Amino acid sequence: MPYTEPTSLAIVACPGGEAFANEVITHLKHMYKHRFTLKNDVLSKRYCLSVMS
């Protein structure tokens, strides 16, 4: 499953689906933040810029 398009994510309703969806959302949120941080680090090093946290 490609994670680059978060708007195309869908969760099918089923027993326990809400708990599962919450876990998936939390996991994807962490992944997006981590990738964003990595991209910021690479760009800041490449262009000698500081990134404000």
Side-chain angles (χ1 to χ4, degrees):
M1 177 178 149
Y3 296 110
T4 57
E5 186 59 48
T7 57
S8 65
L9 181 66
I11 303 295
V12 177
C14 64
E18 184 177 358
F20 175 73
N22 288 334
E23 288 182 32
V24 169
I25 290 168
T26 302
H27 178 71
L28 291 177
K29 189 178 196 180
H30 172 72
M31 284 178 44
Y32 292 132
K33 284 183 178 181
H34 182 70
R35 285 185 180 176
F36 183 77
T37 302
L38 289 177
K39 288 178 185 178
N40 277 344
D41 291 345
V42 168
L43 290 174
S44 65
K45 288 177 185 174
R46 181 181 297 163
Y47 298 108
C48 300
L49 300 172
S50 61
V51 179
M52 298 188 68
S53 300

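Note that the numbering runs from 1 along the sequence shown for the chain. The shown structure was predicted, so the numbers you read here are calculated from the model rather than taken from an experiment.
- F36 is not connected to Y32 by any chain of hydrophobic side-chain contacts under 4.5 Å among Ile, Leu, Val, Met, Phe, Trp and Tyr, and they are in different clusters.
- If you take CZ on F20 and CD1 on I25, they are separated by 10.0 Å, rounding to the nearest 0.5 Å.
- Taken to the nearest 0.5 Å, the NE2 atom of H30 stands 11.0 Å off from the CZ atom of R35.
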